[in-house]
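These notes concern the structure reproduced below.
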Protein chains: 2
Amino acid sequence: MRHPKLEIIDALVQSSFVVQQILTEVGEQHDLSVIQIRLLGVLRDRQLRMAPLAAILGLSKSSTTGLVDRAERRALVQRVSVPVGDERAVHVTLSDEGRRLAQQGTAEIAERLNALAGQLSDSGRQHLARALTQLVYAAADSRGLDLRANLIKSTSVAVA
Amino acid sequence: MRHPKLEIIDALVQSSFVVQQILTEVGEQHDLSVIQIRLLGVLRDRQLRMAPLAAILGLSKSSTTGLVDRAERRALVQRVSVPVGDERAVHVTLSDEGRRLAQQGTAEIAERLNALAGQLSDSGRQHLARALTQLVYAAADSRGLDLRANLIKSTSVAVA
DNA sequence: TATTGTTATACTCTATAACTATA
DNA sequence: TATAGTTATAGAGTATAACAATA
C-alpha cells in the first residue's frame with residue numbers, strides 16, 4: 001500500500017470530514033449551507049409540516065422556523081396551508097428553483113464522491129458500500145429509527 | 001442481508017452524518033462543539049501559532065481568534081508568547097483541563113464508533129479501514145496536502 | 001388544556017474589512 | 001511596507017422560554 005493504513009476509528013472520523021467538506025464546498029457554490037442542502041434534500045419527494053421536518057433534521061422547532069424562514073426568503077421553499085384539517089399547521093414545499101437546486105446539488109455531490117470512490121477497485125467499492133450500509137443501519141437501530149420507512153426513500157443528503 | 005444495501009454515494013453521505021452526529025453528541029456531554037473538539041485534538045501533541053492553526057482547521061484568521069477566545073475563556077487553552085523571535089506571535093497551547101477533555105473526548109468517540117464497527121465482521125472492518133484510508137488519502141492528494149507530514153500524527157478528530 | 005408554530009433572546013460560529021503592533 | 005493577530009460588523013445556525021392561535 002502506498003500509504004499507511006489508518007485505524008478504523010481514524011478512518012471513519014477523517015472520511016466523515018472529507019465527505020462533509022465536499023458537501024460544504026458544493027453548497028458554497030450555490031450559496032447553500034449543509035443544513036440548507038439537507039432541507040432541500042428532505043423535501044425533494046414530499047411535503048412536511050414543521051414538526052416532522054424538525055424531527056428529521058434533528059433541530060428544535062424554533063431552529064426549524066429560522067431555517068425555513070431563510071430558505072423562504074430566497075424562494076427555495078414555500079409555506080402553504082395544509083389543505084384540510086388543522087388551521088395551525090403549514091406544509092413546507094420546494095419551489096421550482098429549490099427543486100432545481102436540490103437536483104443539481106445532489107448530482108454535483110455524487111460526481112465529487114464518485115471521483116474519490118473511483119480510485120477504489122470494484123470489489124473495494126462493493127465492500128465499502130456493504131460495510132457502510134451495515135454501519136448506518138446499526139446506528140439507526142441504536143436510535144430506534146426505521147430508516148427504510150422514513151429516510152432512505154429520499155436523497156442521500158436527506159438523512160442525519 | 002437484513003437491509004437493502006445502500007448505493008455507495010448514499011452510504012458515504014449517510015455514514016458521514018452518523019459519525020458527525022456521534023462527534024456532536026460526545027461534544028455536547030462536555031459542552032463542546034465539533035470545532036472545539038477539533039481544536040483540542042489539533043493541539044493535543046503540539047503548540048501552534050494562530051495562522052497555522054487557522055490553516056489546519058480551515059478557518060479564517062478572525063474565526064480562529066474567536067474560537068480560541070471562547071476556548072481560553074473556559075480555560076481549555078492558553079495563549080502564550082513565543083519564547084524567542086516575533087513579538088507579534090502567540091502560541092496556543094492546551095491547559096491541563098483542555099488536555100483532559102481532549103483525551104476523554106477521543107476515548108468516548110472511539111468507544112461509540114467501536115460499538116458500531118463491532119457489528120461488522122473482522123474482515124468487514126479490515127476492508128472498511130482499507131477502503132476509507134484510500135478515500136482519505138485520495139481526497140488529501142486532490143488538495144495537494146501531505147497527510148502523513150501534517151495531520152496523521154495527531155488525533156483522529158484533528159483533521160478535516 | 002394541549003398542540004402547532006412563531007417570537008424574543010442569547011450564544012456560537014463564520015467571514016470580510018479595517019485596524020494595531022511589530023518586523 | 002509587509003506580516004501576525006485582533007476588532008468591528010454582519011449574518012447563519014442553534015437552543016430555551018414565552019407566546020398566540022387553534023384544537
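Reminder, nothing fancy here: chain letters follow the sequence lines and each chain counts from 1.
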Query raised in the report: Between Lys5(B) and Gln126(A), does any side-chain donor sit less than 3.5 Å from a side-chain acceptor?
Result: yes
Query raised in the report: Rounded to the Å, how far apart are Leu53(B) CG and dC13(C) C1'?
Result: 15 Å
Requested in this report: Could you tell me whether Glu7(A) atom CD has more than 12 heavy atoms of other residues or ligands within 6.0 Å of it?
Outcome: no
Query raised in the report: Quick one: which of dT14(C), dG5(D), dG13(D) gets closest to the side chain of Ser33(A)?
Result: dG13(D)
Query raised in the report: Roughly, in whole Å, what's the span from CD in Glu25(B) to P in dA15(D)?
Result: 12 Å
Query - Any Arg79(B) side-chain nitrogen or oxygen under 4.0 Å from OP1 or OP2 of dG5(D) - result: no
Requested in this report: Test Leu32(A) against Leu39(A) for side chain to side chain contact (heavy atoms under 4.5 Å, CB included), laying out the working first.
Outcome: CA-CA 10 Å; Leu32(A) 293 173; Leu39(A) 172 65; over 6 Å; no
Pairs under 3.5 Å (N/O, protein and nucleotides 20-23 of chain C):
unit_1  : atom_1 : unit_2   : atom_2 : d
dT22(C) : O2     : Arg88(B) : NH1    : 3.0
dA23(C) : OP1    : Glu87(B) : N      : 2.7

Report summary line: Whole-Å distance, Glu72(A) CD to dT6(C) P, equals 9 Å
Report task. Mark yes when over 12 heavy atoms from residues, nucleotides or ligands other than Glu111(B) sit less than 6.0 Å from its CD; otherwise mark no. Result -> no
Query raised in the report: Rounded to whole angstrom units, what separation is found between the CG atom of Leu67(B) and the P atom of dT7(D)?
Result: 15 Å
Query raised in the report: Atom CE of Met50(B) and atom P of dT7(D): how far apart are they, to the nearest Å?
Result: 10 Å
Report task. Would you indicate, yes or no, if dT6(D) has its OP1 or OP2 atom less than 4.0 angstrom from a side-chain nitrogen or oxygen of Thr65(B)? Result -> yes
Query raised in the report: Are a donor atom and an acceptor atom from the side chains of Thr65(A) and Ser62(A) found within less than 3.5 Å of each other?
Result: no
**Report entry** Candidate nucleotides dA15(D), dG5(D), dT6(C), ranked by approach to the side chain of Ser60(A) - the nearest
**Finding:** dA15(D)
Query raised in the report: Any side-chain N or O of Arg70(A) under 4.0 Å from OP1/OP2 of dG11(D)?
Result: no
Query - Protein-nucleotide distance (Asp31(B), atom CG; dA15(D), atom P), rounded to Å - result: 13 Å
**Report entry** Whole-Å distance separating the CZ atom of Arg73(B) from the P atom of dC13(C)
**Finding:** 10 Å
Query raised in the report: Can you tell me how far P of dA8(D) sits from NZ of Lys61(B), to the nearest Å?
Result: 16 Å
Report task. Give the minimum heavy-atom separation between Leu94(B) and Ala102(B), together with the two atoms involved. Result -> CD1-CB, 4.4 Å
Report task. Indicate, yes or no, whether a donor-acceptor pair under 3.5 Å links the base of dT16(C) to the side chain of Ser62(B). Result -> yes
Query raised in the report: After noting the C-alpha distance and the side-chain angles of His30(A) and Glu108(A), does the key distance pass the side chain to side chain donor-acceptor pair (under 3.5 Å) rule?
Result: CA-CA 11 Å; His30(A) 305 285; Glu108(A) 290 174 10; 2.9 Å; yes
